[in-house]
J.: 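Encoded as structure tokens, here's the structure I'll be asking about.
Predicted, not measured: the structure shown is a model, and the values here were computed from it. Residue numbers start from 1 in every chain, and the chains themselves are labelled A, B, ... in the order their sequence lines are given, proteins ahead of strands.
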Amino acid sequence: MALPDRFDTSTEPELYERWVEANCFTADASRSTRAGGDRDPFTIVIPPPNVTAILHLGHALDGVTQDVLIRWARMRGQETLWLPGTDHAGIATQNVVEKQLAAEGKTRVDVGRDAFLKRTEAFVADTGGTILKQLRAIGASADWTRTAYTFSPELSRAVREAFAQLYEKGLIYRGHRVIHWCPRCQTSLSDEEAEFSDEDGALFHITYRIAGGDGHITVATSRPETMLGDVAVAVNAKDPRYAKLIGTNVILPILNIEIPVIADDYADPEFGTGVVKITPAHDANDFEVGKRHNLAMPVVIDQYAMMNPGANTDVQRVPAFVLGKSTTEARDLIKRSLKEIGALEKTESKRHAVRHCYRCDTVVEPRLSDQWFVKMAPLAKPALDGLRAGAMRILPQRWEAVYVNWLEGIRDWNISRQLWWGHRIPVWYCKDCDPPYDMHVSRTDLTMCPHCGSPVRQDEDVLDTWFSSWLWPMSTLGWPDDSKDMKAFYPTDVLVSGPDIIFFWVARMVMAGYFFTGRSPYHTVLLHGMARDTEGRKMSKSLGNGLDPMQVVKLYGADAMRWTLVSGMGLGADITLDPNDLDKTFATGRNFVTKLWNIARFLLEKAGSAPVMPVAEIPKGTLQRADEWILWRLDVAIAECDAALGPLHPAKALATSDTVQWAPDERVNGMRLNDLAETARRFVWSELADWYLESIKGRLEAGGDDAEIARAVLVHTFDGALRLLHPIVPFVSEAVWQQLPEGGRRKEEGRFLATARWPEKGSAGNYEKGKSFDRIEAEFVKAFRQMKAEYAVPPATEPEAWIKLGDIFTVSTDAEIATATATISRLARVKIPGSPPQRDFVQAVTASGHVAVLAIGGLVDIDKECARLTGELTSLEKQLSGLEGRLSNEKFTSKAPADVVAAERAKLAEWTTRRQQLRDKVQTLCGG
RNA sequence: GGGCGAAUAGCUCAGUUGGUUAGAGCGCCUGCCUUACACGCAGGAAGUCGGGGGUUCGAGUCCCUCUUCGCCCACCA
């Protein structure tokens, strides 16, 4: 059957549907060895994208990486599960819907909580999940029968269970403190959600007069507007400048009220003036100081970051001239006012880190409020121990330090959000009960108080989105139930993600895994890099430098994109792509896919589709040297691909055991997808297509038994190549594989390459002998081609003479090759041998054992050829003398490993021979 | 203020525990539309591996230092 000229990428979706219909991606829990089956499980849970997200390049990178691993594991015969799903994405989704409302001139408060939730649900039902369809388009071989959603009833149940368990063990508590508050989103944020960025600001030096005395002290602050909430100034007790002031009062400018000077180690004598103003309600550190000294905590900034009096305001602390102004306006007004009353000593400009909301980039306001927290230190310990014990590894390994550092300094996690879209906190309050019965944590909804029967009301807040995400590897498999999937697939194997969510997600999942199941949820964390543009900027929607993966799929096909991404990205390294030149950026992948397709076209057109004999059944001795060579190269490629991907599991991981441990020497092995790409490419293109395929053209045309052998070897090796390539380019490899002639292993397997077996080295025999073909390639063909190009031999020149060199191709000793080389050199004296085009080379290595030599006597430039040969000889002699020096150096021979020395000795012999050959050549051609 | 990463051919990047003459893709030059492939074939040019020291028989690889970029963390007002 003839294939079309090009791989029609518009057929990719059809192929995908066929895989799905054949259940290629559906995992069977009962086949897992953990559930009594006969296949080791291999599981990856997808980092769930936001339910309303559209696929961007980051997702594509993440998805393709996982898919390569998943497809590889599947071919390795594992019971493979890639569990897909989405995240309800509390703040992000709520923001989108709020924006829609804003466009209609409404706020969420206008529509009310219930209506807002209905609307958001409808919005998610309508637009959500787009990204999952897009993942199909890039070939993601996920098990869609298990698609999960963090806000589904099942996962919501897991969330409540987790909350309840943590609460019951005293690890969840309600705290009153200063937290990060986003005035736009109107919610608190965790430390991780409030991201730092450096901004130009100023340090204001403000004079506080000493009450009832002379003199003043100077306070430095970057946020003068908060002085309205000052209740004290702090100095360090060890600071001699201020020691005698401790216990006295100073006068807070503008408000003209007296506040005490207190001693606290928080004041750093080295920084600024050594005096710190204390605003307990609007700064997390000041809050701690305030608690230590039992200070009042007047609120002067409201939830919208406006200057307004709030709780604990003992006097009218917000004067009319700033009342109702934003903090930024207020900063200016206060500054002006301080200047007027002569209290502003100076301002110095300074860059400082300002926290921003990670969702809307609004400057975060520290705010005093009641929130729910998770006590993290007890959870962090097993996660640290697990990594140290080798139960888990992070690749690239340098990120392990980041993980450890964060866990060691971990702080309690604020998990309550003042949002509507999310898991409502499963706490009910009873008005009629006295403490401690006023608060009830429940796994089921409560309508009445379990103690007094009074009506109860549920906590208004919802949980941080990440509180559901951190359960993902368990909740998606059925936890808290002892489900079939939990048994069969938990713990999972690899987690693939970007390093930007180590804290948000990766580390927290490990903590949850240990706390709720006693085990790490995965043994390997693979962190890939990010996509950047040619200026090194991270690709993002806001910068407008994004690159739409769907556009790439449309233009070049999913495989071309996958190939470009995989082959272009080293372990953990960022990838640079040019969003303005897609043709150039994806040329690598597009060209490769086309090449693969064309090899298949050749195979089907020239070798036909009749069944071939299994290579292992070909009688010994009937294989040509080139056959053995390509079979040997396939084995080499298989070994290199296996090394690139490394072990599927730690060697010490027993499917049914609770202990998993990476040995130190295997801990950094594998996961080098770009090496897989490079090796497979080299094999199929540089070796199979460029050399082997060219060499058998004549044999195929000649027909007969030898043609059958060539066909069998061609089909076998191309089949092997397709298997190695399939994880990276699933579509084209599958499409081509479907057309391959029947024969050998393929016949016994299923209908899909997607579920065919990963090739094994040496499966068809031992072809080490094929190595000698390398010598032919290097010694003769290349030399011919070079000379031909150098002397500009017209390609159409007909071979004038055929020289019988059959023995050259049936022997491989150095001496015999030397003889052949000399023969050709002698000929060069009168007739320069130019290489034939590849087609002719084919004839050279067929059974005829002929080499074509072109007669171009008139073009011979003996001087030029002599110069070239002499140069080569000089260079070789130079290298040889270095080698001789090394080998006569006793230090080298005694200290270097034996195999290195042996290799050098072998090289010496080889080079010496080559030197002799070159000398002979020079002698013959140039007359000495 | 700490920590991490990057610096290798014009461009984008590989180079696993130190060990042949440092590789690939794209681009470039020469010649080819050779009956699978011009998204291709053959040949070629191109790198003092950021600078400087050091360890070693041997350094792109290990140590120190400097320079330039990038990232993360941190309660310094």
J.: Closest-nucleotide mapping onto RNA chain B: is A:L577 or A:R886 further toward the 5' terminus? I mean the 5' end.
T.: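 Taking each residue's closest nucleotide, the earlier one in sequence belongs to A:L577.
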J.: Work out how far the P atom of B:C39 is from that of B:C33, and round it to whole angstrom.
T.: 15 Å
J.: Roughly how far apart, to the nearest Å, are B:C62 and B:C69 at atom P?
T.: 24 Å
J.: Mind running a 4.0 Å heavy-atom check of residues 672-684 of chain A against RNA chain B and sending the residues that fall below it, in number order?
T.: A:N674, A:D675, A:E678, A:R681
J.: If you measure from the P atom in B:C63 to the same atom in B:G18, how many Å do you get, rounded?
T.: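 These two P atoms come out 11 Å apart once rounded.
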J.: In whole Å, measure the gap between the P atoms of B:G10 and B:A45 for me.
T.: 15 Å
J.: Does the ring center of A:F504 lie less than 6.0 Å from the ring center of A:Y358?
T.: yes
J.: Is A:R398 touching bases, backbone alone, or none of the nucleic acid, heavy atoms closer than 4.0 Å?
T.: sugar-phosphate
J.: Take nucleotides 72-77 of chain B nucleotide by nucleotide from the 5' end and write B, S or -, depending on whether a protein heavy atom sits under 4.0 Å from the base, only from the sugar-phosphate, or from neither.
T.: -SSBBB
J.: Using a strict heavy-atom distance below 4.0 Å, which residues from residues 595-603 of chain A are in contact with RNA chain B?
T.: A:K595, A:N598, A:I599, A:R601, A:F602
J.: So, the side chain of A:R672 versus the backbone of A:G670: is there a donor-acceptor pair under 3.5 Å, distance only?
T.: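 Yes, the answer is positive, given that a donor and an acceptor are paired below the 3.5 Å cut-off.
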J.: Determine the Euclidean distance between corresponding P atoms of B:C73 and B:G54; express it in Å to zero decimal places.
T.: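 These two P atoms come out 39 Å apart once rounded.
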J.: Using the P atoms only, state how far B:C49 lies from B:G60, rounded to an integer number of Å.
T.: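 After rounding to an integer number of Å, I get 7 Å for this pair.
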J.: Distance-only, no hydrogens or angles: does the A:R711 side chain make a donor-acceptor pair with backbone N or O of A:A607 under 3.5 Å?
T.: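 Present.
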J.: Which pair of non-hydrogen atoms, one from A:N414 and one from A:L189, has the smallest distance, and what is that distance?
T.: ND2-O, 3.7 Å
J.: Using only atom types and a distance under 3.5 Å, with no angle test, would you say the side chain of A:T564 pairs donor to acceptor with the backbone of A:G589?
T.: yes
J.: Please round to the nearest 0.5 Å and tell me the distance separating atom CE of A:M671 and atom OG1 of A:T524.
T.: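 If I round to the nearest 0.5 Å, the distance is 5.0 Å.
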J.: Roughly how far apart are A:L645 CG and A:N669 CG, rounded to 0.5 Å?
T.: 11.5 Å
J.: NA contact type, A:W563, heavy-atom cut-off 4.0 Å: base, sugar-phosphate, or nothing?
T.: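 Here A:W563 touches no strand at all.
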J.: Verify, without hydrogens or angle tests, whether A:D574 (side chain) and A:M530 (backbone) share a donor-acceptor contact under 3.5 angstrom.
T.: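 Yes.
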J.: Which part of the nucleic acid, if any, lies within contact of A:K895, taking any heavy atom under 4.0 Å across all strands shown: a base, the sugar-phosphate backbone alone, or nothing?
T.: base
